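Every chain is numbered from 1, with letters handed out A, B, ... down the list of sequences. As the structure is a prediction and not an experimental result, all values here were calculated from the model.
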Amino acid sequence: MTEPVLTVENLTVRLPMDADRKHAVSDVSMVLNKGEILCVVGESGSGKSVTAAAVMGLLPLESLKVDGGHIHYGGQDLLTLSETQMRRLRGKKIAMIFQEPMTSLNPVMRIGHQIAEVMEAHGQPRSEHRRRVVELLSDVGLPEPDKMVDRYPFRLSGGQRQRVMIAMALALEPDILIADEPTTALDVTTQAQILRLIRDLQRERGMAVMFITHDFGVVADIADRVAVMRYGEVVETGLARDVLNAPQHRYTRKLIDAVPGFRDEASARSDESPVLEVRNLRKIYRTGGGFFQPASELVAVDDVSFAIARGETLGLVGESGSGKSTIGQCIMRISSIDGGELLFGGNDIAHAQGKELKAYRSKAQMIFQDPFASLNPRHRIGKSIMMGPLANGVPRLEARQRMETLLERVGLERNSADRFPHEFSGGQRQRIGIARALAVQPDLLVADEAVSALDVSVQAQVLELLRDLRDEFRLAMLFITHDLRVASQVCDRVIVLHRGQIVEEGEVTRVFSAPEDAYTRSLLDAVPGRTWHNRPEPESA
Amino acid sequence: MTAFKRFLRNPKAIIGMVILLAATIAAVLAPVIFPQGPWPMANRPFLPPMEQPGFPLGTDMMGRDIMVAIAYGAQVSLLVGLSSTLVALLVGILLGALAGFYGGIVDDVLMRVTEFFQTIPTFVFALLLVAILSPSIQSIILAIGIVSWPPVARLVRSEFAALRNREFVKAAMVLGRSNRQIILSEILPNTMSPVIALASLMVATAILTEAAISFLGLGDPNRMSWGYMIGASRTVIRQAWWMSFFPGVVILLVVLALNLVGEALNDVLNPRLARKGRQ
């Protein structure tokens, strides 16, 4: 059974001169055996994708150069092959699927044609193409494969496109499939289906799969063996259950501890009066339409009501398109509403303007998802943080003081105020975003996917900070997330949204341990590594 | 490396900047070196170039020194090029920013107006404006400015439309900053790179347009300009080629220099755009 098909030996890839470290990967060795799934796991910048690109011969020639090592496959060293020889292997023997299904298909080509192209490139008889394509599409579980062949990518959902990508990768029955974060851009339920599909196809065909991911839950679900990477080096390899349940290396242990699991102890009911009360909120998106044709309508939020008390965190969870972010934007008055009331301290601020709106702005703040897009690249961060207080008429001296105390409070140095956003890491930028929101001393804080773009270890720290700050400033917090594990960590109560409607609401441990609604249950079942998360805590940790 | 340093290392930028610097020096120092001005008779008419010391480029049909005329012509060309671009930038940025930021009806109205201006052939429109306003340097500047703002407006609008949905703009909104502050201090500085690159090319176009207007005899009658020189000498081009040749070469060089600088700016300020298609 353990017959190696691909061996990476002492692979070293150099980074350009001005990078922050010398090698993208250094001295990496790993073995991929026949018929197994090897998960390469690590945080961003750990070199896991570079390793995969090196195997495929897809390194950008100008910036990344292989410095040494070997990649053995079928008796030859892939690193010494010419581009023509490599092209013959690619697709036929070693295939790859990517993270972003939305952009990896050609939008103006029919799906069947795109898959047939791979076959044509490797010289399969044209007469068989269509039959094979239909077969492949049904193998990857797409509905109505004979009609799907003639569709254009825009008519498919993200999950369906990823299935098409997998069909394309399997078209020539490769020995090895390399999957670079193939489910990261997908919703949990879709992710669970794709993971199952990859697992089933791998079993059926006896392929070897190199699966790159940052999510230990996914590892728990799919991996036979694991290689953990950090700063371009492999720190630990081993059987999945050994690494997951008894990690040897300190870094692996730290990473696994940082993975959010489900919380057991219920949170106390808050008996304070609500800071924000949302009543029958409705939001409709209208698109298209012109002089003679009516616009098409999409009800994004449908009759949603809830309240948040001081010192309480309310979670809004759901998949993409469930309306959770729209609710946050409506509450922040970035988006207009089509019905309902937003009671803040007893006043309806849904249509407030001028002075009234400005007063509300100084009491309600928001933290955004993307730490790279949420800070103005041309402003020093001190200026960004002081902007809020200054806009609300706080004297400059006091604004400066607040900025400096907050910088320290969120774990940055006072003198970082004069630096620009690009000088900080993602986690640091998110801390700056938090400081900026708190600088106006708000009562309500809306966090829209505030930790989704961060690595797990950073994520854990930022969650910790948010929890502390909530208690310190007695904030009412609305925490919007797609990740049930994160919600379970930070929220007191949680609302599950599906297509703009509330399907379930309640205390967080109750909802996640004994869901009443079928949709909540399907969401929970789809959480990667569910059984592993519910394991008893290892004694050493 | 800062953008400015990279700009200075670009060979295109160096060649362009040297030519432009020469033109600027000629324009600024013309009244000092040639205090008599471009109009008085300096030698016999139709003096060919390099025939008499002190007249390397020869004289025209009235005996005026062509070298002096070219130096004074640089004043008009640079003045018209820069001022009319400034006018176009002011109008274009204002309308583009409003359309891109507010969207909806404001966007519809402003963009229809922009399209209206774009449908009229620019040169004919500029000529018409100069004729109506009576030929003078101010009317030429205004006319060229009015016909060349639409591309700026469209560019700024698309940049604004993309940036206004970025999270840092939403954050500024949530923090209670006014729309004016958000437009001026949050979004506008982030749109400047492509606008600067575009502006340098617009200066080149404006200089060409001014030359063409003067060529047709609608230039400012009180100022010597390169276009006027070519226009006046076109009837004698077979007897005295140098009268139209030298101003033509100067126009070519200055426009080329501006294009080189514009391209270099584009390489430096929009590196992703510039690199596209090269690999």
Side-chain angles (χ1 to χ4, degrees), chain A residues 18 60-63 290 325 328-329 331-336 354-355 357-379 381 383-394 421 429 432-433 436-440 442 444-446 448-450 453, chain B residues 1-6 9 97 101-109 111-112 115 156 159-196 268-272 274-279:
Chain A
D18 48 353
L61 289 175
E62 314 258 303
S63 48
S325 286
Q329 306 214 336
I331 291 175
M332 290 318 299
R333 292 289 315 274
I334 307 176
S335 208
S336 64
K355 254 200 194 120
L357 179 62
K358 199 146 192 188
Y360 173 61
R361 294 261 189 247
S362 69
K363 289 287 155 208
Q365 277 306 314
M366 186 158 186
I367 307 169
F368 295 86
Q369 170 172 6
D370 187 349
F372 293 90
S374 62
L375 294 169
N376 191 333
R378 309 236 168 197
H379 287 177
I381 61 145
K383 181 175 174 186
S384 284
I385 297 174
M386 281 161 63
M387 212 163 64
L390 290 179
N392 288 301
V394 173
R429 288 188 209 200
I432 296 166
R436 175 177 62 186
L438 291 179
V440 296
L444 172 69
L445 190 61
V446 174
D448 188 358
E449 300 277 10
Chain B
M1 204 162 27
T2 62
F4 185 65
K5 268 191 198 155
R6 264 182 293 147
R9 289 203 184 168
F101 185 78
Y102 287 102
I105 290 215
V106 180
D107 184 28
D108 277 344
V109 171
M111 280 303 110
R112 290 308 86 79
E115 277 161 17
V156 173
E159 291 282 319
F160 261 73
L163 285 167
R164 72 149 292 146
N165 287 321
R166 291 282 285 277
E167 287 183 343
F168 71 83
V169 176
K170 284 188 182 159
M173 232 177 251
V174 168
L175 286 170
R177 302 199 93 191
S178 65
N179 284 344
R180 196 175 58 92
Q181 284 172 320
I182 291 175
I183 291 176
L184 293 180
S185 108
E186 298 284 341
I187 309 185
L188 196 59
N190 284 298
T191 64
M192 277 302 107
S193 313
V195 172
I196 288 171
V268 172
L269 296 173
N270 309 323
R272 254 162 298 146
R275 253 182 243 134
K276 214 184 270 173
R278 258 189 223 170
Q279 287 172 354

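- For residues 188-196 of chain B, heavy-atom neighbours of chain A at less than 4.5 Å comprise B/Pro189, B/Asn190, B/Ser193, sorted by residue number.
- Within the structure, salt bridge (charged side-chain N to carboxylate O under 4.0 Å, His left out) contacts touching residues 174-189 of chain B (residues at least two apart or in different chains) are B/Arg177-B/Glu186.
- Residues of residues 168-175 of chain B placed with any heavy atom under 4.5 Å of a heavy atom in chain A are listed by number as B/Phe168, B/Lys170, B/Ala171, B/Ala172, B/Met173, B/Val174, B/Leu175.
- For A/Ala439, no part lies under 4.5 angstrom from a heavy atom of chain B.
- Taking A/Gly388, A/Pro389, A/Ser374 one by one and counting their heavy-atom pairs under 4.5 Å with chain B, the maximum is reached by A/Ser374.
- Heavy atoms of A/Asn392 lying under 4.5 Å from chain B belong exclusively to its side chain.
- Using a 4.5 Å cut-off between heavy atoms, B/Ser185 contacts chain A through both its backbone and its side chain.
- Ranked by heavy-atom pairs under 4.5 Å with chain B, the list A/Ile367, A/Asp370, A/Leu390 is led by A/Asp370.
- Contacts with chain B were tallied for A/Arg333, A/Met332, A/Arg361; A/Arg361 has the most, counting heavy-atom pairs under 4.5 Å.
- When each of A/Ala437, A/Ser362, A/Pro377 is scored by its heavy-atom pairs under 4.5 Å with chain B, the top score falls to A/Pro377.
- For the salt bridge (charged side-chain N to carboxylate O under 4.0 Å, His left out) test, residues two or more places apart in sequence or in another chain that qualify with A/Glu449 are A/Lys324.
- Closest non-hydrogen pair, A/Ala391 versus B/Gly176, comes out as CB-O, 3.8 Å.
- Ranked by heavy-atom pairs under 4.5 Å with chain B, the first of A/Lys358, A/His379, A/Met366 is A/His379.
- Contact tally against chain B (heavy-atom pairs below 4.5 Å) for A/Gln369, A/Gln365, A/Gln329, A/Arg436: the top residue is A/Gln365.
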